[in-house]
Amino acid sequence: AKLAGGVGNLFNRVTVLVHKFLAGEKPVSSEQGTVSSYQKFSEHMESFEIKGAIDALFDVVDQANERLNETEVWKLAKDDLEAAKPIFAELLGHLETITQMAEVVLPEGVEGMKRMLGDDKKVGEGEIVYERV
């Protein structure tokens, strides 16, 4: 449930919104976003603290979901697309961090995450990364 409802839903929501408001084009961002979270993840992995690493991954998922909900970027984009672009860029940065972390601890969904992240210019299409059980 946490994978499908947390990770999978987040990826779908963000990629669908970027397609809807930006025609799939990735907005440019200069922010590093979740570097400290990735550092915590790495420290846990180096110490073989797998639960701590997984918790760090889900902290990023929670941060991204909170940011998505608190900004209501879908409403902002309707009124002021330029103001919404940095938020979309920030959310995509979270997704990239989650993908990097998942590559180590949740490899079965990573290919889908990478397809949804797309390339440097465009996001991919939404897809089911983790099935609900």
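Since we're looking at a predicted model, the values are computed, not measured.
Among residues two or more places apart in sequence or in another chain, the ring-ring contact (aromatic ring centres under 6.0 Å, His included) test is passed with Phe41 by Tyr38. In terms of the salt bridge (Lys or Arg N to Asp or Glu O under 4.0 Å) criterion, residue partners of Glu70 (sequence neighbours excluded) are, by chain and number, Arg67. With sequence neighbours left out, the side-chain contact (heavy atoms from CB on, under 4.5 Å) criterion links Ala89 to Pro27, Ser29. Residues passing the side chain to side chain donor-acceptor pair (under 3.5 Å) test with Glu72, sequence neighbours excluded: Lys75.
Here the closest heavy-atom approach between residue Leu68 and residue Trp74 is recorded as O-CZ3, 3.4 Å. Listed here is the closest heavy atom pair of Ile87 and Ala83: CD1-O, 4.1 Å. Across all their heavy atoms, Leu57 and Ile98 have their closest contact at CD1-O, 4.1 Å. Taking every heavy atom of both residues into account, Phe11 and Leu95 meet most closely at CZ-O, 3.5 Å. Contact detail for Phe88 and Leu17: the closest heavy-atom pair is CE2-CB, 3.7 Å. Here the shortest heavy-atom pairing between Ala64 and Leu10 reads CB-CD2, 3.6 Å.
Residues Gln63 and His94 have side chains in contact (heavy-atom distance under 4.5 Å, counting atoms from C-beta outward). In this structure, Leu22 and Leu81 have side chains that are in contact, with non-hydrogen atoms separated by less than 4.5 Å. Val14 is not listed as a side-chain neighbour of Val73, based on a closest heavy-atom distance of 4.5 Å or more.
Applying the side chain to side chain donor-acceptor pair (under 3.5 Å) rule to pairs touching residues 78-87 yields Glu82-Lys85, sequence neighbours excluded. Residues in residues 49-58 take part in these side chain to side chain donor-acceptor pair (under 3.5 Å) pairs, two or more places apart or across chains: His44-Glu49, Lys51-Asp55. Among residues at least two apart or in separate chains, side chain to side chain donor-acceptor pair (under 3.5 Å) pairs with a member in residues 5-26 are Arg13-Asn69. The side chain to side chain donor-acceptor pair (under 3.5 Å) pairs that include a residue from residues 110-122 are Glu103-Lys114, Arg115-Glu127, where partners are two or more places apart or lie in different chains.
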